[in-house]
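In what follows, chains carry the letters A, B, and so on, assigned in the order in which the sequence lines appear, proteins first and then strands, with residues in each chain numbered from 1.
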There are 2 protein chains.
Amino acid sequence: MTDLTLEERLEEAVKTLKVRGVRMTPQRYAILSYLLETRSHPTADEIYKALADRFPSMSVATVYNNLKLLKEAGLVRELTFGDQASRFDGQMHDHYHVTCIVCGRIDDFEYPPMRFIEKEAERLTGYATAEHRMEVYGICPACRKAQEEAKQMAMVTAKAAGNEH
Amino acid sequence: MTDLTLEERLEEAVKTLKVRGVRMTPQRYAILSYLLETRSHPTADEIYKALADRFPSMSVATVYNNLKLLKEAGLVRELTFGDQASRFDGQMHDHYHVTCIVCGRIDDFEYPPMRFIEKEAERLTGYATAEHRMEVYGICPACRKAQEEAKQMAMVTAKAAGNEH
DNA sequence: GTTTTATTGATAATAATTATCATTATCGGA
DNA sequence: TCCGATAATGATAATTATTATCAATAAAAC
Ligand SMILES: [Mn+2]
Ligand SMILES: [Mn+2]
Ligand SMILES: [Zn+2]
Ligand SMILES: [Zn+2]
């Protein structure tokens with residue numbers, strides 16, 4: 001329950017990797033710290049591009065390799081949505097996501113894990129359940145505002161056209 | 001709330017398509033009826049293979065084209081899981097899924113849609129929410145049984161090895 | 001420092017899906 | 001019933017995300 005700083009979390013993560021016999025490299029460290037500090041749930045390619053100026057020769061394969069390794073070490077998680085590419089999340093505490101169906105933005109929201117639904121599935125299907133995933137879809141505040149303004153604009157235009165008669 | 005038969009549901013679906021100006025073809029009809037009757041949540045490729053003996057010359061592109069079209073007409077839905085291919089579901093009533101992390105099997109389970117979680121997301125994030133997705137992960141009855149048996153077998157083997165000393 | 005071997009980076013391979021386009025078949029109307 | 005406009009099919013190329021391969025490089029234990 002202690003609220004660690006970014007530096008403390010990074011230190012922890014490095015320790016975890018060392019215990020696993022994983023060597024630390026500049027590329028690996030950059031990917032890890034990028035994921036620990038960002039809130040944007042980036043794709044592999046976005047991470048690749050974000051680090052391109054600091055590591056101009058880094059291969060995209062290195063990004064994928066490290067994401068897989070970090071995931072296996074329990075330091076990041078992979079979020080898989082419909083069509084596009086996987087997204088990665090360095091915030092490992094239990095939380096849910098809302099995603100904007102207009103701009104693709106993904107935001108966290110904190111809500112206690114709904115274990116009851118796992119129990120319910122267990123009861124109804126005979127599965128031994130272990131976890132669940134849940135995302136909410138909607139329109140983010142920025143896109144809502146944009147839509148409102150577009151609607152206003154359309155109304156004004158329609159009115160002006162009407163007055164021309 | 002009326003419980004339509006398979007034939008009635010098919011008839012309905014065909015009508016829906018006609019209204020949309022969509023022509024009926026043997027391939028399309030086969031894909032549609034396959035999805036309406038199965039409970040297995042097949043991939044595009046599985047549908048393709050299942051119909052291969054009846055339509056040996058059907059292109060895989062035709063399967064994809066039709067799945068997209070049926071989805072847009074609201075007659076089937078697409079389920080996207082982690083890595084692998086999309087799965088398709090012809091059961092359009094609200095329901096949730098459990099999937100087996102061992103064999104990949106997907107089963108339905110009926111539970112009233114948890115609208116409260118959409119409201120909660122709305123309150124916490126300012127999104128205008130519209131829907132959510134939720135799946136439970138676990139081990140299906142068949143795989144549980146297989147695991148139990150494997151464990152028994154291992155125990156017996158260990159005991160026999162012990163007796164040899 | 002030397003040595004071991006995990007890691008990197010370049011690139012090829014794979015897999016799912018979409019795009020292209022010439023040929024074919026549906027279906028409303030003559 | 002036949003016709004014509006055009007939607008749909010099937011073959012195949014293209015695209016995209018991801019994984020595999022492997023020689024060169026660089027951690028880090030000694
Ligand atoms: Mn998150
Ligand atoms: Mn289902
Ligand atoms: Zn948005
Ligand atoms: Zn199973």
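With hydrogens and angles ignored, no donor-acceptor pair closer than 3.5 Å exists between the side chain of R28(A) and the base of dT7(C).
In this pair, H97(A) and H41(A) present their aromatic rings perpendicular. The plane angle is above 60°, beyond the 30 to 60° band. Between F81(B) and Y137(B), the ring planes lie perpendicular to each other; the angle is over 60°, past the 30° to 60° tilted range.
In this structure, P56(A) reaches neither bases nor backbone, as no heavy-atom distance under 4.0 Å exists between it and the strands shown. Looking at heavy-atom distances under 4.0 Å, D45(B) makes no contact with the nucleic acid at all. Among the atoms of the strands shown, none is found under 4.0 Å from any heavy atom of V60(A). S86(B) comes within 4.0 angstrom of sugar-phosphate atoms only, judged by non-hydrogen atoms across all strands, and of no base. T62(A) comes within 4.0 angstrom of a base, heavy atoms only. Within 4.0 Å of A85(A), counting heavy atoms only, lie sugar-phosphate atoms of the nucleic acid but no base atom.
For the pair L51(A) CG and dT8(C) P, the interatomic distance rounds to 13 Å; values are reported in whole Å. Atom C1' of nucleotide dT19(D) and atom NZ of K68(A) are separated by 7 Å, given to the nearest angstrom. Rounded to whole Å, the distance from CZ on F55(A) to C1' on dT7(C) is 14 Å. Between the NZ atom of K18(A) and the P atom of dT7(C) there is a distance of 13 Å, rounded to whole Å. One atom, CG of L67(B), and another, P of dT9(D), lie 11 Å apart when rounded to the nearest Å. Rounded to whole angstrom, the span from the NZ atom of K71(A) across to the C1' atom of dT18(D) amounts to 11 Å.
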Verdict with reasoning, S40(B) to R105(B), per side chain to side chain donor-acceptor pair (under 3.5 Å): CA-CA 8 Å; S40(B) 71; R105(B) 173 187 179 97; over 6 Å; no

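Phosphate proximity of dG9(C) to S57(A): present, with a side-chain N or O under 4.0 Å from OP1 or OP2.
For G21(B) and Q27(B), each mapped to the nucleotide of DNA chain D holding its nearest heavy atom, the one lying further toward the 5' end belongs to G21(B).
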